[in-house]
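Quick notes on the structure that follows.
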Amino acid sequence: MQIARETLLRSYRAMRTIRMFEERLHVEFATGEIPGFVHLYCGEEASAVGVCANLTDKDTIASTHRGHGHCIAKGVEVSGMMAEIYGRSTGVCRGKGGSMHIADLTCGMLGANGIVGGGPPLICGAALSHKTLRNGGVAVAFYGDGASNEGSTLESLNLATVWKLPAVFVVEDNGYGEATGASYACAGTQQARAAAFGMPYMECDGSDYFAVHQAAGEAIAHARGGNGPVMLHVHLARWYGHFEGDAMTYRAPDEVAEARRDHDCLKLFRQRVTEAALFEVSALDEIDTAVADEIEAAVRKAKSDPLPQSPDLLADVYVRY
Amino acid sequence: MSKKSFRQAINEALRQEMRRDPTVVLMGEDVAGGRGGSAGIKDAWGGVLGVTRGLLEEFGDSRVLDTPITEASYIGAAAGAAVTGLRPVAELMFVDFVGCCLDQIMNQAAKFRYMFGGKARTPLVIRAMYGAGFNAAAQHSQALYPLFTHIPGLKVVIPSSPYEAKGLLISAIRDDDPVIFLENKVMYDDEEDVPDEAYTIPLGEANLTREGTDVTIVAFGRMVGYANQAADRLEKKGISCTVIDPRTTSPLDGETILESVAETGRLVIVDESSPRCNMATDIAALVAEEAFDTLRAPIRRVVPPHTPVPFATVLETLYLPSVEKIEAAVTATMKHRVVEKV
């Protein structure tokens, strides 16, 4: 499938933005200035971006506790995300959600989610809305190999099939649910699970943007065409710990180094598009510089933005009291 | 206006709101019933107690959605549909089944608005039946409204009669927050005059079913009827009671309760939910804190014992509050004499 040049540039920029956003958080979190905890998406960028490049604002996604990448890929504004993570009133959730609950319904982002397996049922509902309102939208649930074992996820695979919903279930399999390997925690295979529900199954290498884009494009077209849900199994590597501060003693010393060396989605993307003479190296470097500036500005702004005020504590529990 | 059962009042509210607003959809286990069965019937049950019967025929299966027996996925789907443009009414059947899907109510639907900085609306209604008195035993008889009341972001409605049920359900459906709507399973055949047209009863405004001077009785759902019966009997003994039906436990119309206690100086709370951290303790705390000086006797709670709901009729009858127990509590509060401290 031919991908438009603008799409490629936009996707590269989104992947770079996620990478720099997360690497900066890695540095800033260590200073102790960021409240709570963060789960970084580095290494997995091509999954969120490759899938979301096939979506528009009228489509819906639900994310996970490792949600920054999905937010950026779906178009949530970066500066507002950074402010949110710093707990500022200018954050996309006015400082009341934090890293694990960034959401922007205006661009179809139903939220990062602090509950493993929380998203798939919501996506059944979003898909039902798309189907009932006949707005042509598709709903996509991102969830990890850990969440793939949750009853709520398995129930959702069943419900989406029974209701023939325009939904795509993207299993982001980074091999670990917290500190426990998927090889231990996941019985059988994702493929067999999809088959058990009579659901089409696709898989791809999550470090290859082009592979993800292609597979997701087919899965989303299938769902959008009214043919029911699809499972897309994306194989990934997580470059940092489950959360920041996780020493990752459960991973072999060379595992992350190898992923960074051989499976860096950005490096692979650059290689591919420059070898094919689609873009000059300098054009990509320019994007890198622009993104670095954007992240720097976002951090600087977040650090100096106003904190929430005491009336905010009581606001917005209900629409009407 | 005509006589309607509690069941018919709810059915009529659903029907009228579905006619009024095409985004209102129903979902739940056997809300129609019969799909996939060998008889080929598509509206076999209309809900396990027939509350939604006939709605499939009028609105079709894109708006009356039978679900598999998978509460987490369809209650979550209702929450997800609510934030993306629909106004779902999900039927959880027995409220006890919330054990299978609490995450989607407690951590998802209830939290969206606050957690997303006020940018979400979740117009969701979850209907469920509650209460003992049906020999349905421990897993099908609980009165779990305190559980939902405890969770900020949820509204909790407990109608006490067919008239109340219709007006409150219409309000709940039109409300933009997630509402838990709890129907006492013993009351479905109760009848009274209910207007044919649609009407609303505001959430968070208590109803005084009678006004008196000696004792304030606060009761919920089915217990409102018991409280009124007890008040009738007490009237004959010269004890005059106010009976307050708060209608909703969240929001709670504490003001009306406090105003009444200020007049009577005595409070009895009738609550059929388990006695620890229930509405009776909640209201007792409110009154103790805000109206201590107006009290002329200790607050009394008429509540079940801290046990699961038993099966055998004799035990279940012992378990539940009753007209006699309410009468005894009111009488006891009247006998209390305040002793001035020297």
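What you are looking at is a predicted structure, and each value in this text was computed from that prediction instead of being measured. Below, chains carry the letters A, B, ... as their sequence lines are ordered, and counting in each starts from 1.
A:F142 and A:H70 have their aromatic ring centers within a separation under 6.0 angstrom. Between A:F21 and A:H68, the gap from one ring centroid to the other is short of 6.0 Å. Checked against a 6.0 Å centroid threshold, the rings of A:H65 and A:F243 do not count as neighbours.
For a residue to count as touching a neighbouring chain, one of its non-hydrogen atoms must lie under 4.5 Å from one of that chain's; by this rule B:K111 does not touch chain A. Contacts between B:T122 and chain A at a heavy-atom distance below 4.5 Å are absent for every atom of the residue. With a 4.5 Å cut-off on non-hydrogen atoms, A:A315 touches chain B through its backbone but not through its side chain. Interface remark: A:N135 contributes no atoms to any contact with chain B (heavy atom separation under 4.5 Å). Heavy atoms of A:L110 lying under 4.5 Å from chain B belong to its backbone as well as its side chain. Residue B:L154 touches chain A through its backbone alone, counting heavy-atom pairs closer than 4.5 Å.
In terms of non-hydrogen atom pairs under 4.5 Å with chain B, the most contact-rich of A:G97, A:C124, A:G118, A:S156 is A:G118. Heavy-atom pairs under 4.5 Å with chain B were tallied for A:L133, A:L154, A:I115; the largest tally goes to A:I115. Note on A:I123, A:T106, A:N113: by heavy-atom pairs under 4.5 Å with chain B, the leading option is A:N113. When each of B:G80, B:A82, B:A79 is checked for heavy-atom pairs under 4.5 Å with chain A, B:G80 comes out on top.
Contacts of residues 169-183 of chain B with chain A at a heavy-atom distance below 4.5 Å involve B:D175, B:D176, B:D177, listed in sequence order.
Taking a cutoff of 4.0 Å between a charged side-chain nitrogen and a carboxylate oxygen, A:D312 and A:K96 do not qualify as a salt bridge. Between A:D59 and A:R224, at least one side-chain nitrogen of the basic residue sits less than 4.0 Å from a carboxylate oxygen of the acidic one, meeting the salt-bridge criterion. Comment: A:R94 engages A:D316 in a salt bridge, judged by a side-chain N to carboxylate O separation of less than 4.0 angstrom. Taking 4.0 Å as the cut-off between side-chain N and carboxylate O, B:E58 and B:R19 count as a salt-bridged pair.
Counted by atom type alone, B:Q139 and B:D96 present zero donor-acceptor pairs between their side chains at under 3.5 Å. Checking A:E172 against A:Y41 by side-chain atom types alone, a donor-acceptor pair falls below 3.5 Å.
By the salt bridge (charged side-chain N to carboxylate O under 4.0 Å, His left out) test, B:D66 pairs with no residue at all, sequence neighbours left out.
Here the side chain of B:Y74 pairs a donor or acceptor atom with the backbone of B:E91 at under 3.5 angstrom.
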